[in-house]
Number of protein chains: 2
Amino acid sequence: MAREVGMVSASDRNVSIPFDVAKLEDVARKAGVSNATASRALSGAGKVSDTARRRILEAAKQLSYTPNRSAQALKGGRSGMIGMVVPNLSDLFFASCVNAVEAVAMRNSSLLVVAATHDRADRTVDAMKRLLDHRVDGLVLGCSEYLTPLLTRTLRALPVPVVGIDAPLTKAGRPSVLIDNSAAAQRATEHLIANGYQRIISVQVEPTLYTMKERQLGYERAMRDAGLTPETRHVPDATAAQALLRDHQDGRTRRAFLVGNELGARYMIGAAKQLSLSMPKDFAMVSFDDFELAGFLETPLTVISQPTTLIGEAAATKLFRHMLHGTAANSDSEGELETILEASLVIRGSSICRPSPHDSRRSTHT
Amino acid sequence: MAREVGMVSASDRNVSIPFDVAKLEDVARKAGVSNATASRALSGAGKVSDTARRRILEAAKQLSYTPNRSAQALKGGRSGMIGMVVPNLSDLFFASCVNAVEAVAMRNSSLLVVAATHDRADRTVDAMKRLLDHRVDGLVLGCSEYLTPLLTRTLRALPVPVVGIDAPLTKAGRPSVLIDNSAAAQRATEHLIANGYQRIISVQVEPTLYTMKERQLGYERAMRDAGLTPETRHVPDATAAQALLRDHQDGRTRRAFLVGNELGARYMIGAAKQLSLSMPKDFAMVSFDDFELAGFLETPLTVISQPTTLIGEAAATKLFRHMLHGTAANSDSEGELETILEASLVIRGSSICRPSPHDSRRSTHT
DNA sequence: TTGTATGCGTTATCAC
DNA sequence: GTGATAACGCATACAA
């Protein structure tokens with residue numbers, strides 16, 4: 001068996017039992033066959049007599065042999081790892097996607113290597129390269145930004161399949177899994193209009209992101225279609241949210257806010273508390289991204305909910321399909337590059353005139 | 001055979017992905033030196049003439065050479081990866097820890113490989129073994145359970161350093177980073193007592209977890225010290241929470257609940273809504289684990305907040321220190337096996353008689 | 001200081 | 001069917 005952990009220094013009292021690092025050679029010897037035969041039997045490829053196979057599998061089991069993935073990867077096979085790049089691992093949306101991707105990876109006998117840019121999009125390319133140094137077999141890229149030329153070029157050149165999340169990689173010829181942000185925002189806006197709101201303000205925290213631009217488009221479309229005037233405010237922080245609410249305190253017209261993400265919703269809710277305003281009396285609100293306690297807020301919050309688990313599963317599944325298909329890259333291999341999943345509008349109290357006492361989960365799909 | 005979601009059937013797995021990246025040999029040739037010299041120059045170890053070194057570095061840069069980590073790992077060096085096992089990657093607490101660990105790994109030129117047990121603790125050992133198949137250089141183990149004999153044995157035998165999070169690995173001779181759950185629970189209970197509550201019920205969602213047992217102990221100690229009678233309820237779901245609140249509606253004695261985790265808090269808040277009860281009028285509540293909107297609930301929630309980022313950073317830092325020390329395992333290498341970080345009691349409206357209108361963040365350390 | 005040769009654990013290509 | 005043997009890319013003991 002490989003290397004003994006011998007040479008235990010005298011000071012060690014809790015002597016470590018040598019960990020199960022049986023290698024192929026050990027299995028082969030124990031089964032009384034050659035290295036090559038053992039490999040064939042274990043990998044399933046190649047012809048091995050039944051008796052030999054049985055003995056080999058038995059030996060492997062007893063030694064609890066598992067192949068050294070580094071060696072496999074070096075030899076040219078798969079590394080058995082996929083990579084995932086996200087802005088932040090503690091972000092609600094991405095964490096949920098990561099969790100789903102990991103589950104699919106596991107089911108496909110792969111491990112997930114994560115690399116966070118920690119909200120610095122300029123590190124995305126670096127992160128991808130580092131992942132590739134480790135020979136990941138594929139990549140899930142969670143990136144909310146528009147593709148930069150550098151990123152596009154890099155993506156095209158990557159020697160492994162890539163699937164995007166949150167924003168499309170279409171310009172780079174790579175598939176992605178998204179929701180229809182524009183349609184979802186439009187649907188939410190129409191919901192507000194249907195509830196009698198005419199003065200609806202789009203609240204943007206990070207207007208430059210792809211998703212935010214899309215949501216803005218949907219909002220504007222709904223407003224135009226209804227003959228209303230779009231009105232947008234950049235709210236980068238809590239202070240801006242307070243200013244915004246102060247500007248809309250005249251009390252004559254009923255105001256509604258369509259908020260681009262959960263962070264913005266927090267700013268707004270905090271500002272409302274500060275100013276002692278309450279929804280939907282003083283203003284209405286719909287926000288992107290659901291969270292566990294949205295229904296338990298002082299005023300339950302109407303949100304557009306993304307199917308994060310489905311997104312992660314779909315992206316990972318698509319990735320593995322491409323990996324198994326074996327094309328070097330996955331550029332324009334299948335007809336459609338963008339898989340669109342459905343977001344749902346979860347109507348709670350913050351967007352309707354008479355708030356229901358309990359969390360009403362009438363959800364309608366966009 | 002039922003196909004699981006995300007399980008990609010392998011119709012053909014023949015094609016390997018070409019990986020035409022510069023290797024050491026290319027750099028050496030371009031620099032006009034041997035393989036070995038190039039390796040020495042790039043790794044920094046060994047003596048190389050200045051002129052050669054310059055040429056080699058230049059060549060490496062032009063070819064944008066990065067070493068093949070699989071080969072390095074196989075050769076016996078480090079793989080440049082650390083592993084992390086957690087119950088769930090979308091869990092607030094663990095996601096935040098993972099994010100911090102990843103950041104530290106990055107700073108140490110390592111990648112983070114994650115493996116989630118998806119809330120099935122019996123998969124922990126499997127997850128660790130899979131990580132080790134990939135030759136991770138170290139392991140962070142996030143496990144809320146008590147160590148089983150199998151897990152203890154496995155941990156002792158692991159050939160790499162391990163650091164625990166959330167629960168101690170002391171029985172396995174491994175270090176860990178935790179908060180003092182018992183002291184935190186005691187502190188919270190004392191806070192309730194100081195606010196006039198005498199009937200304080202401990203609400204447990206998963207009483208068997210290590211953390212929960214600890215919290216229970218602290219709660220009981222505080223109660224005993226105050227001459228009060230401990231009272232514990234198992235609340236595994238929303239229904240149980242409703243039953244609990246119904247049982248305590250007599251309105252004569254002021255009730256307070258110490259809730260073991262955020263999930264329990266959700267159950268309680270939901271049940272309160274259903275029964276049209278409100279805090280702190282009808283009952284008081286303190287819960288473990290802070291979350292973004294805890295201060296914006298109908299009644300801002302008093303919580304015990306764990307320094308998740310610090311925990312992750314401390315664990316990862318400790319791990320890398322052990323890895324650099326170079327001992328195969330890290331058992332009893334340093335004096336103290338348990339690093340205790342401070343949790344803070346964030347007092348909001350749910351635990352005091354007259355709730356302040358705004359989120360009061362007077363936090364006191366345990 | 002530099003180059004040659006060897007081996008890490010696997011898989012694949014050959015002969016037998 | 002089976003078993004030697006050669007890579008995979010890198011690091012290093014040993015020579016030069």
Side-chain angles (χ1 to χ4, degrees), chain A residues 1-3 19-57 59-60 63-81 109 132-135 137 159, chain B residues 13-56 59-60 63-80 132-135 137 159:
Chain A
M1 169 98 50
R3 56 195 133 88
F19 192 68
D20 241 351
V21 274
K23 35 188 189 180
L24 186 62
E25 191 187 331
D26 302 318
V27 177
R29 189 178 324 124
K30 192 178 178 81
V33 297
S34 81
N35 224 315
T37 307
S39 174
R40 278 190 288 258
L42 291 167
S43 72
K47 300 178 189 307
V48 182
S49 70
D50 263 2
T51 56
R53 156 167 290 118
R54 210 171 16 228
R55 285 228 307 281
I56 291 165
L57 293 180
L63 297 172
S64 66
Y65 165 79
T66 49
N68 182 326
R69 313 304 295 257
S70 301
Q72 287 184 321
L74 178 59
K75 189 63 180 88
R78 323 192 95 75
S79 68
M81 306 187 298
S109 311
L132 281 167
D133 285 345
H134 288 258
R135 297 302 185 268
D137 304 321
Chain B
R13 48 171 65 233
N14 48 353
V15 188
S16 72
I17 293 156
F19 223 77
D20 50 343
V21 190
K23 35 188 188 182
L24 185 60
E25 194 186 330
D26 302 321
V27 176
R29 192 181 317 126
K30 191 178 179 79
V33 297
S34 81
N35 225 314
T37 308
S39 174
R40 279 188 286 258
L42 290 168
S43 72
K47 298 180 190 306
V48 182
S49 69
D50 263 1
T51 55
R53 156 166 290 119
R54 214 175 7 230
R55 285 227 308 279
I56 291 165
L63 296 172
S64 65
Y65 165 80
T66 49
N68 182 327
R69 313 303 295 257
S70 301
Q72 287 185 320
L74 179 58
K75 186 65 180 87
R78 323 197 90 76
S79 67
L132 280 166
D133 286 344
H134 289 257
R135 297 302 184 267
D137 304 322

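Chain naming here is simple, since letters A, B, ... match the order of the sequence lines and numbering starts at 1 in each.
Residue B:Arg78 contributes atom CZ, which lies 15 Å from atom C1' of D:dA11 at whole-angstrom precision. If you measure from atom CZ of B:Arg54 to atom P of C:dT2, you get 12 Å, rounded to the nearest angstrom. The nearest whole Å value for the distance from the CG atom in A:Leu63 to the P atom in C:dG9 is 14 Å. Following rounding to the nearest Å, B:Asn68 (CG) and D:dA7 (P) show an atom-to-atom distance of 18 Å. Protein atom CZ of A:Arg69 is 12 Å distant from nucleotide atom C1' of C:dT10, rounded to whole Å. Rounded to an integer number of Å, the gap from CG of B:Asp26 to C1' of D:dC10 is 13 Å. To the nearest angstrom, C1' of D:dC14 lies 17 Å from NZ of B:Lys47. The nearest whole Å value for the distance from the CG atom in A:Asn35 to the C1' atom in C:dT13 is 15 Å.
Within the 3.5 Å criterion, the main-chain N or O of B:Arg135 finds a donor-acceptor partner in the side chain of B:Ser79. In this structure, the side chain of A:Thr66 does not engage the main chain of B:Asp133 through any donor-acceptor pair within 3.5 Å.
Judged by closest nucleotide on DNA chain D, B:Leu74 is the one of B:Arg40 and B:Leu74 placed further toward the 5' end. Residues B:Ala36 and A:Ala71 each lie close to DNA chain C; by heavy-atom proximity, the contact nearer the 5' end of the strand is made by B:Ala36. The 5' end of DNA chain C is approached more closely, in terms of each residue's nearest nucleotide, by B:Gly32 than by the other of B:Lys75 and B:Gly32.
Phosphate proximity of C:dG9 to A:Lys23: present, with a side-chain N or O under 4.0 Å from OP1 or OP2. When the side-chain nitrogen and oxygen atoms of B:Ser39 are compared with OP1 and OP2 of D:dC10, none of them lie within a distance under 4.0 Å. The side chain of B:Thr37 contributes an N or O atom lying less than 4.0 Å from OP1 or OP2 of C:dG3. Taking 4.0 angstrom as the limit, A:Gln72 places a side-chain polar atom (N or O) nearer than this to OP1 or OP2 of C:dT11.
In this structure, the side chains of A:Leu132 and A:Pro159 come closer than 4.5 Å at one or more pairs of heavy atoms. At least one side-chain heavy atom of B:Arg29 sits under 4.5 Å from a side-chain heavy atom of B:Asp26.
Nucleic acid contact for B:Ala52: sugar-phosphate only, since backbone atoms but no base atoms lie under 4.0 Å from a heavy atom of the residue. When heavy atoms are screened at a 4.0 angstrom cut-off, A:Ser49 is found touching the sugar-phosphate backbone but no base atom. In this structure, A:Leu24 reaches the bases: a heavy-atom distance under 4.0 Å links it to at least one base atom across the strands shown.
Shown are B:Asn35, B:Val33, B:Leu63; of these, the side chain to side chain contact (heavy atoms under 4.5 Å, CB included) with B:Val27 is made only by B:Leu63.
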